[in-house]
S.K.: 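Questions regarding the structure given below will be posed in turn.
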2 protein chains.
Amino acid sequence: MRIGELSKRTGVAVPTIKYYLREGMLPPGERTSPNQARYDETHIHRLRLVRALIDVGGLPVAKVKEVLTTVDSPSGDIEKLLGTVQRAVFPALPTSAEVEMQAAAEQEVHALLDELGWYCRDNHPALSVLATVLVSAQTLGHSGFLDTVRRYATISEQIGVADLDYIADKRGVDGMLESVVVGTILGDTALIALRRLAQVAESAKRYPDRRRPDDPA
Amino acid sequence: MRIGELSKRTGVAVPTIKYYLREGMLPPGERTSPNQARYDETHIHRLRLVRALIDVGGLPVAKVKEVLTTVDSPSGDIEKLLGTVQRAVFPALPTSAEVEMQAAAEQEVHALLDELGWYCRDNHPALSVLATVLVSAQTLGHSGFLDTVRRYATISEQIGVADLDYIADKRGVDGMLESVVVGTILGDTALIALRRLAQVAESAKRYPDRRRPDDPA
DNA sequence: GAATAATGGATAGTAGTGCTGTCTGCTTTC
DNA sequence: GAAAGCAGACAGCACTACTATCCATTATTC
């Protein structure tokens, strides 16, 4: 098919497709003449993947590029891909200004991981992100938030199991690679949405009559 | 204190503070003369909150404004605040192009909520976001993702409980209001970070020798 | 009390992101 | 052979989140 049909079938404007081609997020079509190209179903799929990562996952274009480059690499190393995808979603850690607090918080995170028996490389970005969150909460006077994070951690264990199950189910390396991407990026959005719904449901359960918690009358 | 000290103590540049004042995210200081103002600890706190929402929570300035407006309103209605905060983090649902698939997915989400016995207003944004995620996964050929979402849902129930516990612990309406904000926004980031760490840990547990899943030799 | 620095307020400018529009010279289709 | 579509290059644009400059005051310091 030509670019017009690609556009119609995906709902992505032609100039946008050209932009993605320029950026290398979409492989070039097969040439039929010096200035004509033909696209196929793989382009449709890729385009949908790009849109999903941008629209649903909220990734910036640069991160999408990064992730797709890794997906396209011939390596079947799940851990490497997992690492790249994981790196892609953290917005270049803002590492809080207070270096001491940050270091202390990272110690706390390490301790938490040890408690749980979680293996983790020292420099995983999620580690410092989590530490930064704790520092933020602390400087805002919400030091009790650490306890909630502890509860989150034990709950997250189940999420990790579900995630790895989802990946392991797939046949073939290609399918697995994409499952890592889809599961991780779309999974984030799904989880956050479910958290919202769970909060509302739990809130309704606790305070049935639109009353606020400290007004039990 | 004057604006320079406010800047020094928070690490936020003076022009940025002025910008936040203009935008109404930071209340004006107390006037000491027609063109001088004095700031206090509440300004420091507010400024830290703003930076936390932007840097750690990843909220755009407009959303921060929305959230803070609600926090500042005298209403003690937790559900209303919860709603506003929840709305703030979803980037104006991109509602997938395929209207039919979207509707079908929303039906599935409704069914899931019924199964779980979750109360939810029909128009909660998280509902359509979740449906959009499912449509995306489906059009990418990952229809099996629905099962993972089901697992996420039961897990999310525990998250909701932890979240409401965190809020209920607070004394006074003001504290509760801020706890909703901090818990929800920083909580999102914390959860995602923990999910990453859990994935790595689970991956390491399953595939100890850096081998990929389909290569058990 | 004069020089220097900082402040509030207004306005303009800037860097980055994610497209979108326009043009030219082909190619395809009718 | 006329109209439409296409590839590729490049310019432009809307939006976001600041940042810089200016000016008339006010504060501080010597």
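In what follows, chains are A, B, ... by sequence order, proteins preceding strands, each numbered from 1. As a basis for the values below, the full set of heavy atoms in this structure was taken, side chains included, without hydrogen atoms, waters or symmetry mates. Just so we're clear, the structure is a prediction, and the values are computed from it rather than from any experiment.
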S.K.: Tell me: CD of B:Gln36 to P of D:dT26, nearest whole Å?
M.R.: 7 Å
S.K.: Should B:Thr16 be listed as having a side-chain N or O under 4.0 Å from OP1 or OP2 of D:dT19?
M.R.: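 The answer is yes; a side-chain N or O of B:Thr16 sits under 4.0 Å from OP1 or OP2.
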S.K.: Identify the two heavy atoms, one from A:Leu112 and one from A:Arg150, that lie closest to each other, and give their separation to 0.1 Å.
M.R.: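 That would be CD1-NH1, 3.7 Å.
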S.K.: Report yes if a side-chain nitrogen or oxygen of B:Arg51 is closer than 4.0 Å to either non-bridging phosphate oxygen (OP1 or OP2) of D:dC18; otherwise report no.
M.R.: yes
S.K.: How long is the line joining CG of B:Leu26 and P of D:dC18, in whole Å?
M.R.: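 So the CG-P distance, B:Leu26 to D:dC18, works out to 13 Å.
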S.K.: Taking atom C1' of C:dC19 as reference, at what distance in whole Å does atom CG of A:Leu47 sit?
M.R.: 14 Å
S.K.: Starting from C1' on D:dT19, measure out to OH on B:Tyr19 and report it in whole angstrom.
M.R.: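 Going from OH in B:Tyr19 over to C1' in D:dT19 covers 11 Å.
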S.K.: Quick one: B:Asp55 CG to D:dT16 C1', roughly how many Å, whole number?
M.R.: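 One finds 15 Å between C1' of D:dT16 and CG of B:Asp55, rounded.
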S.K.: Is the B:Phe145 ring parallel, tilted or perpendicular to the B:Tyr152 ring (thresholds 30°, 60°)?
M.R.: perpendicular
S.K.: When you get a sec, tell me which of D:dT19, C:dC19, C:dT28 is the closest nucleotide to the side chain of B:Ala13?
M.R.: D:dT19
S.K.: Taking the side chain of A:Pro15 as heavy atoms from C-beta outward, which of C:dG21, C:dG9, C:dG25 is closest to it?
M.R.: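 For the A:Pro15 side chain, the nearest candidate turns out to be C:dG21.
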S.K.: Of the nucleotides D:dA7, D:dT25, C:dC19, which one has an atom closest to the side chain of A:Asn35?
M.R.: D:dA7
S.K.: Do B:Arg51 and B:Tyr20 pair up side chain to side chain, a donor and an acceptor below 3.5 Å, judged on atom types alone?
M.R.: yes
S.K.: Among C:dC19, C:dT7, D:dT26, find the nucleotide with the atom closest to the side chain of B:Ile3.
M.R.: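 Ranking C:dC19, C:dT7, D:dT26 by closest atom to the B:Ile3 side chain puts C:dT7 first.
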S.K.: Heavy atoms from C-beta onward define the side chain here; which of D:dT19, C:dT7, C:dC19 lies closest to that of B:Arg2?
M.R.: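 Among D:dT19, C:dT7, C:dC19, the one nearest the side chain of B:Arg2 is C:dT7.
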S.K.: Take atom CG of A:Leu21 and atom P of D:dG8, then tell me their distance rounded to the nearest Å.
M.R.: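 In whole Å, D:dG8 P lies 8 Å from A:Leu21 CG.
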S.K.: Please give, in whole Å, the distance from D:dT19 P to B:Lys18 NZ?
M.R.: 14 Å
S.K.: What is the minimum heavy-atom distance between A:Ser179 and B:His142, and which atoms define it?
M.R.: OG-CE1, 3.6 Å
S.K.: Hey, is the side chain of B:Arg22 pairing donor to acceptor with the base of D:dT19 inside 3.5 Å?
M.R.: yes
S.K.: Determine whether B:Ser128 and B:Gln102 make a side-chain contact, defined as any pair of heavy atoms from C-beta on separated by less than 4.5 Å.
M.R.: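 Side chain of B:Ser128 against side chain of B:Gln102, heavy atoms only: contact under 4.5 Å found.
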S.K.: Mind calculating the distance between CZ (A:Arg31) and P (D:dC6) to the nearest angstrom?
M.R.: 14 Å
